[in-house]
Amino acid sequence: MNPRVRTATEPGLIRYVTLRQGEEGAPDNLTIRIGPGRRPRLHYRDQTVEDWDVRGVLWGRCSQNRRDKRNMPTGTPLWRLMHPARQRETMQALLCQVCVQPARTPSGWIFLAGPDDYEPDDTTVITAQPPVCVRNVRAAARLCPHLDGRPMVFLVQSAPLHGVHGTLYGYGQGGVHVVAQPDFPLPYGHHNLPTFLASQLVRRLRSFRLVDLDELMQHLQQVA
């Protein structure tokens with residue numbers, strides 16, 4: 001595994017997960033084959049083990065720019081977009097979306113959401129935003145346009161994998177084609193996942209509480 005020693009507080013900080021100019025989706029070489037149980041299944045013609053996630057869902061490919069001396073991606077940031085592979089990497093292993101270090105704190109994981117994403121009394125929270133570490137929580141709130149500098153802050157004890165965002169494919173006279181791009185994630189186990197191409201990994205937050213950012217920082221300083 002590549003080393004992840006980075007200085008996350010330096011000027012010009014860019015989140016690790018942010019898509020960079022020049023990083024583009026791979027050419028379309030998808031096909032649909034009949035799998036076990038006579039069910040259609042989406043494949044790449046030249047697929048590799050890395051194309052599938054831990055639950056057996058196929059993922060969209062995207063190029064990656066060269067890394068700098070800190071092993072961070074280079075290129076002009078496209079602030080509102082996340083690179084699918086780096087989003088998957090950090091969300092799968094619960095790494096900080098800014099510095100790629102383990103994000104767990106003594107009190108749980110910190111997840112951020114946009115100020116209008118949820119109601120304060122919501123008991124179900126589904127998110128594609130990877131967690132953040134204590135060191136970079138303020139930076140993440142500032143750098144992500146969706147958070148608008150005033151995020152909802154969740155201190156989470158449990159965040160199991162829920163499913164994936166992406167694109168549903170089908171097969172017709174013209175070959176493989178897009179059927180739908182739902183604006184909601186498909187949960188793992190959904191009947192459409194065999195012909196789904198994932199682009200973001202999603203977790204379901206549970207055993208969490210909504211906290212004020214300043215109060216959270218004070219609390220974590222006390223328990224550190």
Side-chain angles (χ1 to χ4, degrees), residues 1-30 42 44 48 50-54 57-101 103 110-115 117 126-133 135-149 151 161-169 178 180-186 196-203:
M1 184 172 292
N2 292 332
R4 294 193 175 105
V5 178
R6 304 180 176 101
T7 304
T9 55
E10 64 188 60
L13 176 65
I14 301 170
R15 296 184 306 157
Y16 174 75
V17 297
T18 300
L19 187 70
R20 306 300 186 98
Q21 189 171 353
E23 296 181 323
E24 299 178 345
D28 185 0
N29 66 344
L30 294 168
L42 193 66
Y44 287 112
T48 67
E50 289 75 19
D51 291 321
W52 307 87
D53 69 13
V54 294
V57 176
L58 190 67
W59 274 70
R61 293 172 172 175
C62 186
S63 65
Q64 298 214 41
N65 291 350
R66 65 175 180 84
R67 301 294 180 96
D68 62 18
K69 62 183 179 181
R70 299 170 299 125
N71 199 34
M72 291 292 280
T74 59
T76 302
L78 303 177
W79 293 105
R80 292 188 177 276
L81 302 175
M82 289 190 288
H83 190 285
R86 298 197 291 270
Q87 189 273 347
R88 173 182 164 190
E89 173 191 1
T90 50
M91 190 64 112
Q92 174 68 50
L94 291 169
L95 303 175
C96 175
Q97 62 172 270
V98 178
C99 69
V100 212
Q101 296 297 312
I110 303 169
F111 284 84
L112 305 179
D117 286 353
I126 306 295
T127 183
Q129 283 283 340
V132 293
C133 68
R135 185 181 184 187
N136 288 305
V137 62
R138 293 189 187 278
R142 184 182 73 252
L143 291 170
C144 180
H146 179 69
L147 301 181
D148 196 28
L161 292 176
H162 173 76
V164 287
H165 281 292
T167 303
L168 180 65
Y169 282 80
V178 173
Q181 291 182 300
D183 57 5
F184 53 87
L186 295 192
F196 199 72
L197 191 67
S199 58
Q200 290 186 348
L201 185 60
V202 175
R203 286 186 179 271

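- In this structure the side chain of Leu201 reaches within 4.5 angstrom of the side chain of Gln87, judged on heavy atoms.
- Put simply, the residue from Glu89, Arg20, Glu23, Arg15 that forms a side-chain contact (heavy atoms from CB on, under 4.5 Å) with His83 is Glu23.
- Residues passing the salt bridge (charged side-chain N to carboxylate O under 4.0 Å, His left out) test with Asp183: none are found, sequence neighbours excluded.
- Taken to the nearest 0.5 Å, the CZ atom of Arg70 stands 4.5 Å off from the CG atom of Asp68.
- Here the straight-line distance linking atom OG1 of Thr167 with atom CD of Gln181 works out to 4.0 Å at 0.5 Å rounding.
- Rounding to the nearest 0.5 Å places CZ of Arg86 at 5.0 Å from CD of Gln64.
- Pro185 and Ile126 get closest at one heavy-atom pair: CG-CG2, 3.9 Å.
- Across all their heavy atoms, Pro115 and Leu147 have their closest contact at CD-O, 3.5 Å.
- In this structure, a donor-acceptor pair under 3.5 Å is present between the side chains of Thr48 and Glu50.
- The side-chain heavy atoms of Cys99 and Tyr16, taken from C-beta on, include no pair separated by under 4.5 Å.
- Listed by chain and residue number, Trp59, Cys62 satisfy the side-chain contact (heavy atoms from CB on, under 4.5 Å) test with Pro84 (two or more places apart in sequence, or in another chain).
- Considering only heavy atoms from C-beta on, Val202 stays 4.5 Å or farther from Thr127 through its side chain.
- Here the rule is side-chain contact (heavy atoms from CB on, under 4.5 Å) with Pro130, and of Leu112, Val17, Val100, Val98 only Val17 fits it.
- Ion pair Glu24/Arg61 not flagged as a salt bridge, since none of the NZ, NE, NH1 or NH2 atoms sits closer than 4.0 Å to an Asp/Glu carboxylate oxygen.
- Within the 4.5 Å cutoff, the side chain of Phe196 has no heavy atoms near those of the Leu42 side chain.
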